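To keep things clear, I will list the structure first and then write my remarks on it.
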2 protein chains.
Amino acid sequence: MNIGEIARRAGVSRSTVSYALSGKRPVSEDTRRKIQRIVDELGYQPSASARALANGRTSTIGLVFPPAGNHYTGMQLDFIGSVVEAAAAHDYDVLLSPSGVDSDRSFQRLLGERRVDGAILMEIRLEDDRADHLAALGFPSVAIGRTAHPEDGWYVALDHTALAAACVHHLADLGHRRIAFVNRPEQLLRTGYESAHRGLDGFTKAAAERGLTVRTYCCGDDAAAGQACLEQILHDDPATTALVTLNEAALGGLYRGLAHAGRHVPRDFSVTGVVANRWAETVTPQLTAADVPAAEMGRLAVDLLVERLDHSDAPPRQHLLTPPISLRASTGPAGVPQT
Amino acid sequence: MNIGEIARRAGVSRSTVSYALSGKRPVSEDTRRKIQRIVDELGYQPSASARALANGRTSTIGLVFPPAGNHYTGMQLDFIGSVVEAAAAHDYDVLLSPSGVDSDRSFQRLLGERRVDGAILMEIRLEDDRADHLAALGFPSVAIGRTAHPEDGWYVALDHTALAAACVHHLADLGHRRIAFVNRPEQLLRTGYESAHRGLDGFTKAAAERGLTVRTYCCGDDAAAGQACLEQILHDDPATTALVTLNEAALGGLYRGLAHAGRHVPRDFSVTGVVANRWAETVTPQLTAADVPAAEMGRLAVDLLVERLDHSDAPPRQHLLTPPISLRASTGPAGVPQT
DNA sequence: TTGAAAGCGTTACCAG
DNA sequence: CTGGTAACGCTTTCAA
């Protein structure tokens, strides 16, 4: 079933069918209707490959995210979902590419074989070879996250520095003096993972500003690691009364560790951090946290990318978000520190 | 940068370049090397669209899953991740399609515009118009889940009937006599969602077999709904001592409801169900559950689909999995029922 | 308002 | 072992 067949049945030329369908040039109402009838009857739809070949656009965007070695988190899930839906709203399809770096086969296919019109990059690193590569090629892309030199790029990101700082100030205001920071896994930190670095930074600076005693930890992306990490924290400094975490996947384990240590949240110990809200609401007591608006970010990223695709000369645009801390039930005034 | 340019520089014909690259016909070692050198130098990669048009294969598979109206669950995340990686291992890309039904624009694009070679269907319903549609078209697809008439289809699925029954027997063996079933949202049940129906079925039959007193509930896919559901359960029958759930997203809320009601798990109340293991391990106490091997299922689905794509005449194959219950910490012997 | 024809970049068949 | 050439199915320019 191809355009020639439709043309033949309608007794017109293929170009007329093409124009009737795309509306890119006027077609008499009569022939348009005749063509439409036949198209509907036969359920004809133009081949995506042929169309892509002819006009150079695939109507597909690539979503690049690292492979699951480092487990997927709930945030990522929300991103993916919202990107796919936002893209569908613009009549774009989404091609998933599990690429950690430049040299990935999958990444090369995406670009080299011109499978997509543009790309959205997740899990940005401060020095990100994928972002650099795309920028060098002038390939339309939007990052979810900020590299070290984000000025001339398109992105939507969270201000992790400010967010972590806000958590610190919240705890300091409640009277906490000895607090811990639970980061993502060390391996992510080593590879320059943006949120881990900026979050750590914001935490450290704000804590210094408030004159707090702090320790910082890396923690695997799962409950078991969270539990172990919490034990380590209390072992290193039993007088710790609060923690800030960026590690959503470890959250359940942190809570469990606290329970096992006999620390009641929030009476004896306060917990806060940066977490997507549906996960913050899953734990008991519900987590007071800066809610990551993952769904909104995905949508914004798509909107930005579509804009960039439509106006290839548009100047870079960014969204830097700083969601407020949602007060729930996991933080409270510091008690008398145990010594 | 196209194949003609490579051919020109190498002083050979385009077909020779094509064959040198694909290996589909012998090429003298000399010219092969010369071509390869130029290809490497220029970083040439054939255009996916042109190739797809010429040979009718897109090297892309579609992953069809419903839109997020009914929030995404952790299981779905694991599926998506494993499908993408397994596909990459076979050099396939994955196109995401958020389609609930047949008539979705996105679904139509996938098929009608021939964007993919085959499809994997998630979130199967007992009567599934997408599955029917694909079967009628003879379009290669693999379902994750079983329709009401799965005999001649390709699928990988969990035996939810057996799984729910196993949970019931486990609880009955521990002496529980009054148990509740917490299902997915009513809307999913109404639309014929497979796991919800088969799970309910297995639960009901096994409970009857063991002579248990049961109540069954539908529950929204989030923590708040879980908490409300638990309150309802204890309100309807305060003597309930255990529950079985298929609802991963509500789990945190169920636990919270139990805590608020002063029921200690597992001393006063046992909880079990069917849940992906990383989520079972997130809650405290860790959930004794039939672990959904989501990652393995995704991989199996891709393997099946690739096999079907390679041998279009292959007879249907299925994987029906019945993972055992992992004993963790959320179930225990029934105490004296409260009246 | 319409048609003819030239691409788009591959692959694969037919000759040599 | 290699080259020429006809598809693949669409879009778009050029002419009428």
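Remember, predicted model here, so these are calculated numbers, not experimental data. The figures that follow rest on heavy atoms only: side chains count, while hydrogens, waters and symmetry mates do not. Chain A is the first sequence line, chain B the second, and so forth, proteins listed ahead of strands; every chain is numbered from 1.
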| field | Listed once per pair and sorted, the side chain to side chain donor-acceptor pair (under 3.5 Å) pairs that draw on residues 48-65 of chain B, sequence neighbours left out | value | A:R115-B:T60, B:R57-B:Y92, B:T58-B:D117

| B:D104/B:R130 ion pair, N-O < 4.0 Å | no

| said: With the threshold set at under 4.0 Å for non-hydrogen atoms, list the residues of residues 24-39 of chain B touching DNA chain D in residue-number order. | reply: B:R25, B:P26, B:V27, B:S28, B:T31

| message | Please classify the nucleic acid contact of B:S15 as base, sugar-phosphate, or nothing, using heavy-atom distances under 4.0 Å. | response | base

| request: Enter the distance from B:Q76:CD to B:I144:CD1 here, rounded to the nearest 0.5 Å. | output: 10.0 Å

| remark: Span of DNA chain C engaged by chain B, first through last nucleotide within the 4.0 Å heavy-atom cut-off, is C:dG9 to C:dC14

| said: Using modelled atom types and a 3.5 Å cut-off, is there a donor and acceptor pairing between side-chain atoms of A:E127 and backbone atoms of A:G192? | reply: no

| query | How about A:S15 and A:S18: does a side-chain donor come under 3.5 Å of a side-chain acceptor? | reply | no

| field | Atom pair CE (A:M297) and NE2 (A:H319), whose distance is rounded to the nearest 0.5 Å | value | 10.5 Å

| message | If we count only N and O atoms by modelled type, under 3.5 Å, do the side chains of B:Q36 and B:D40 hold a donor and an acceptor together? | response | yes

| said: Listing request: all salt bridge (charged side-chain N to carboxylate O under 4.0 Å, His left out) pairs with a residue in residues 72-84 of chain B, at least two apart in sequence or in separate chains. | reply: B:D78-B:R278

| field | CZ on A:R114 to CG on A:L53, rounded to 0.5 Å | value | 10.5 Å

| How long is the gap from CD on A:E296 to CG on A:D303, to the nearest 0.5 Å? | 10.0 Å

| query | Atom OG in B:S97, atom CG in B:L63: separation rounded to 0.5 Å? | reply | 8.5 Å

| request: Please determine if A:K34 and A:D30 form a salt bridge, counting it only when a charged side-chain N lies under 4.0 Å from a carboxylate O. | output: no

| How far does OG1 of A:T16 sit from CG of A:L21, to the nearest 0.5 angstrom? | 11.5 Å

| said: Can you work out whether B:S49 or B:T16 has the more 5'-proximal nearest nucleotide on DNA chain C? | reply: B:S49

| note | Outer limits of DNA chain D sitting under 4.0 Å from a non-hydrogen atom of chain A, read 5' to 3', are D:dG9 to D:dC14

| remark: So, with a heavy-atom separation below 4.0 Å from DNA chain C, the residues of residues 1-11 of chain A are A:G11

